[in-house]
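Down below is the structure, laid out as structure tokens.
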Amino acid sequence: MIDFDTAELTNVTTQGYRADEIGQAKVTATMLEVERIDPSIEIDFIIDRFRSMHRTGDVVFYCVDSIATQATVWRCLQRRTQLLIDTRMNGETIR
């Protein structure tokens, strides 16, 4: 997971974060939630903006708001991954 942002109050209803996660790095909060669901899942995370130099796995889910960032991720990763999934959904859909 790569993200520079922290969970804010507005993310509770739109992105599925809980009120007790406000102020945490989004990657940290997400990683802890995944570990609660299945501790056998291995997660690497980087608290930073996406950069083409970042190492990624064979499967990438990208969840970004900006069309420009979506295009950047696509250009950088379309040939570096086996599966690239654009998950432009709101929190209710993800649940």
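Sequence positions, counted from 1, serve as the residue numbers for this chain.
- Gln70 CD to Arg75 CZ: the interatomic distance, rounded to the nearest 0.5 Å, is 11.5 Å.
- Side-chain contact check for Tyr17 and Thr30: at least one donor-acceptor pair (N or O, by modelled atom type) lies under 3.5 Å.
- Note that the CG atom of Asn11 and the CD1 atom of Ile22 stand 8.5 Å from one another [nearest 0.5 Å].
- Looking at Tyr62 and Ile85, their side chains never come closer than 4.5 Å, going by heavy atoms from C-beta outward.
- Rounded to the nearest 0.5 Å, atoms SG (Cys76) and CE (Met53) are 11.5 Å apart.
- More than 12 heavy atoms of other residues, nucleotides or ligands sit less than 6.0 Å from atom CZ of Arg36.
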Show your working on side chain to side chain contact (heavy atoms under 4.5 Å, CB included) between Ile43 and Met1 and close with a plain yes or no. CA-CA 7 Å; Ile43 301 172; Met1 289 187 287; 3.4 Å; yes

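- Within 6.0 Å of CZ in Arg49 there are 12 or fewer heavy atoms belonging to other residues, nucleotides or ligands.
- A continuous path of Ile, Leu, Val, Met, Phe, Trp and Tyr side chains, each step under 4.5 Å between heavy atoms, connects Ile41 with Met31, placing both in one hydrophobic cluster.
- Within 6.0 Å of atom CZ in Arg55, 12 or fewer heavy atoms from other residues, nucleotides or ligands are found, so the atom counts as exposed in its surroundings.
- Between Glu21 and Thr28 the shortest side-chain heavy-atom distance does not fall below 4.5 Å.
- To the nearest 0.5 angstrom, Gln24 atom CD is 6.0 Å from Leu32 atom CG.
- Put simply, CG on Asp3 and NZ on Lys26 are 5.5 Å apart, with the number rounded to the nearest 0.5 Å.
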Thr56 vs Thr81, side chain to side chain contact (heavy atoms under 4.5 Å, CB included): CA-CA, chis, key distance, verdict: CA-CA 8 Å; Thr56 59; Thr81 63; 4.1 Å; yes

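- Taking 4.0 Å as the cut-off between side-chain N and carboxylate O, Arg18 and Glu33 count as a salt-bridged pair.
- Surrounding CD of Glu42 are at most 12 heavy atoms belonging to other residues, nucleotides or ligands under 6.0 Å away.
- Listed here is the closest heavy atom pair of Ile47 and Ala25: CD1-CB, 3.8 Å.
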Test log, rule side chain to side chain contact (heavy atoms under 4.5 Å, CB included), inputs Val59 and Phe61: CA-CA 7 Å; Val59 177; Phe61 294 82; 3.7 Å; yes

Please assess Ile2 against Phe45 for the test side chain to side chain contact (heavy atoms under 4.5 Å, CB included), listing each intermediate value before the final yes or no. CA-CA 6 Å; Ile2 302 169; Phe45 69 93; over 6 Å; no

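- Atom CZ of residue Phe50 and atom OG1 of residue Thr69 lie 10.0 Å apart, to the nearest 0.5 angstrom.
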